[in-house]
Amino acid sequence: MKPHLALFSLPAAAVGCIAPAMAATWSTDIAAAQAQAAAEGKAVLIFFTGSDWCHFCNVLKRRVLDTPGFSTWGAPQFVCVEADLPRGNRISASLRNQNNRLVKEYKVGGFPTVVLTDAHGHALGGFTGGMTLLPDVKAALEPALRTHRHLLLAEAATTTANRARHLAAAYREYPDSYRKFNTWLQEELQQADPANTTNWHTTRAAEQQMQQLNDELLRHVPNMPAILACYDHYLAHALEGNRPKILRLKRLYLNGVSARRLQRARTVQDVLDAQDLQLRAAECIENPAERAEVTRRIQETFANPQNLLRR
């Protein structure tokens with residue numbers, strides 16, 4: 001993949017003109033598809049499938065990807081590539097090698113997987129699983145399409161400030177599950193916005209803090225006091241936008257521990273310990289009305305702890 005954005009002429013469709021509906025066609029040649037996407041200002045959609053063994057791949061293809069609705073929606077926006085890995089000898093050795101390389105490059109862990117990339121092969125988003133409805137596929141791909149639109153605008157920008165603004169907007173649209181693929185965009189932003197005029201460096205620092213929290217939590221498993229102390233430390237030093245995320249993680253953790261305690265409860269005290277953990281989890285809710293309602297439901301559920309003992 002090319003590490004940096006390359007300039008090309010921006011087509012009318014990329015700047016807001018409504019293009020006529022076109023039928024989507026499926027290529028098997030990733031290099032040709034990328035060249036076409038670069039020339040037309042489109043993204044590349046890669047459909048990873050096992051055509052002779054993956055039931056849900058075929059369901060997704062039949063119910064969504066081969067429908068006129070998908071063609072009408074997708075043709076103006078991306079070039080489609082089918083990366084098939086059948087168990088039988090239905091494709092050439094060179095095509096199988098290409099598709100195996102794509103699986104490794106995009107870290108595909110299950111089939112079917114759909115990945116949306118730019119013309120240079122940078123992964124922008126996607127999904128894994130056999131979706132059966134076009135609206136669900138659209139919703140799953142829309143963040144990646146928004147990222148791509150901003151990248152096109154960044155390439156067309158005539159000033160460094162506008163380029164940096166669109167690159168930062170593209171970065172913020174990246175789905176969390178695909179952030180491992182956007183190192184190249186971080187490098188672009190470092191060059192385009194060293195003074196942090198787009199506030200991108202602040203966003204990146206907050207992401208790094210969440211990654212540091214995750215790494216520390218993994219080191220403390222299964223030490224609950226250490227894990228809770230870790231949450232509290234990061235809450236006290238939360239960077240912009242991170243406090244709600246950390247509170248949510250702490251709440252999920254406490255509720256999870258409570259559920260396991262309750263499942264193994266043999267005494268009333270075990271049940272009361274589980275209740276205490278749920279009440280502590282409720283304290284992570286910042287909205288007072290919601291916190292009060294959740295607390296009320298917990299107290300109602302645990303009103304007769306004897307009834308919650310496992311028999």
Side-chain angles (χ1 to χ4, degrees), residues 125 127-129 131 135-136 139-140 142-144 146-147 168-169 171-180 182 198-310:
F127 64 88
T128 297
M131 293 188 182
D136 292 339
E142 188 53 43
R146 289 196 298 268
T147 295
Y171 184 88
R172 293 188 177 99
E173 291 288 356
Y174 251 91
D176 287 343
S177 58
Y178 272 75
R179 292 199 177 276
K180 59 181 173 290
N182 70 4
T198 64
N199 207 39
W200 169 77
H201 292 273
T202 305
T203 300
R204 178 60 183 150
E207 290 175 356
Q208 290 173 321
Q209 184 183 60
M210 292 303 296
Q211 184 59 55
Q212 290 168 359
L213 169 61
N214 183 67
D215 293 343
E216 287 196 32
L217 291 173
L218 289 174
R219 288 198 296 271
H220 291 309
V221 173
N223 186 335
M224 188 176 76
I227 287 176
L228 293 177
C230 186
Y231 277 125
D232 291 340
H233 171 78
Y234 277 83
L235 281 169
H237 300 88
L239 296 177
E240 181 179 338
N242 281 354
R243 180 174 174 81
K245 297 177 184 178
I246 299 171
L247 284 170
R248 178 178 177 275
L249 289 174
K250 182 180 178 182
R251 183 185 178 194
L252 288 172
Y253 172 74
L254 286 167
N255 279 330
V257 175
S258 172
R260 291 192 293 273
R261 293 268 181 99
L262 192 59
Q263 188 177 34
R264 299 192 299 265
R266 292 295 183 270
T267 68
V268 169
Q269 187 58 52
D270 291 337
V271 175
L272 294 176
D273 289 344
Q275 179 190 28
D276 179 66
L277 288 168
Q278 288 196 22
L279 290 172
R280 292 171 68 181
E283 293 173 1
C284 297
I285 302 173
E286 293 192 285
N287 182 287
E290 182 185 355
R291 182 170 62 248
E293 174 59 21
V294 171
T295 300
R296 183 194 65 78
R297 292 202 303 266
I298 294 170
Q299 292 170 337
E300 184 178 273
T301 299
F302 286 85
N304 296 298
Q306 189 72 36
N307 294 338
L308 298 177
L309 287 173
R310 290 183 61 83

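Model, not experiment: these values are computed from the prediction. For the single chain, residues carry numbers from 1 onward in sequence order.
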Can you measure from [atom1] ([X]) to [atom2] ([Y]) and round to the nearest 0.5 angstrom?
X      : Y      : atom1 : atom2 : value
Arg179 : Tyr171 : CZ    : OH    : 5.0 Å
Arg291 : Leu279 : CZ    : CG    : 12.5 Å
Leu217 : Gln212 : CG    : CD    : 12.0 Å
Thr202 : Glu240 : OG1   : CD    : 6.5 Å
Lys250 : Leu252 : NZ    : CG    : 12.5 Å
Arg260 : Leu277 : CZ    : CG    : 10.0 Å

Sub-3.5 Å donor-acceptor pair from the side chain of [X] to the main-chain atoms of [Y], do we have one?
X      : Y      : result
Asn242 : Ala238 : no
Arg261 : Asp270 : no
Asn304 : Asn307 : no
Gln209 : Leu239 : yes

Would you say [X] and [Y] make side-chain contact, with heavy atoms under 4.5 Å?
X      : Y      : result
Leu272 : Phe302 : no
Ile227 : Met224 : no
Glu283 : Leu254 : no
His233 : Glu216 : no
Leu308 : Gln275 : no
Ile246 : His237 : no
Arg280 : Val257 : no
Met210 : Leu249 : yes

Nearest heavy-atom neighbours spanning [X] and [Y]:
X      : Y      : result
Phe127 : Ala140 : CD2-CB, 3.7 Å
Trp200 : Ala168 : CB-CB, 4.4 Å
Pro143 : Pro175 : CB-CG, 4.3 Å
Arg172 : Thr198 : NH2-O, 2.7 Å

Q: Establish, from distance only, whether the side-chain atoms of Ser258 and Asn255 form a donor-acceptor pair under 3.5 Å.
A: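 Checked: Ser258/Asn255 side chains show no N/O donor-acceptor pair below 3.5 Å.
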(Q) Run Glu207 and Arg204 through salt bridge (charged side-chain N to carboxylate O under 4.0 Å, His left out) and show every step you take. (A) CA-CA 5 Å; Glu207 290 175 356; Arg204 178 60 183 150; 3.3 Å; yes
(Q) Take a 6.0 Å sphere around CD of Glu293 and say whether it holds more than 12 heavy atoms from other residues, nucleotides or ligands. (A)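 Atom CD in Glu293 is crowded, with more than 12 foreign heavy atoms closer than 6.0 Å.
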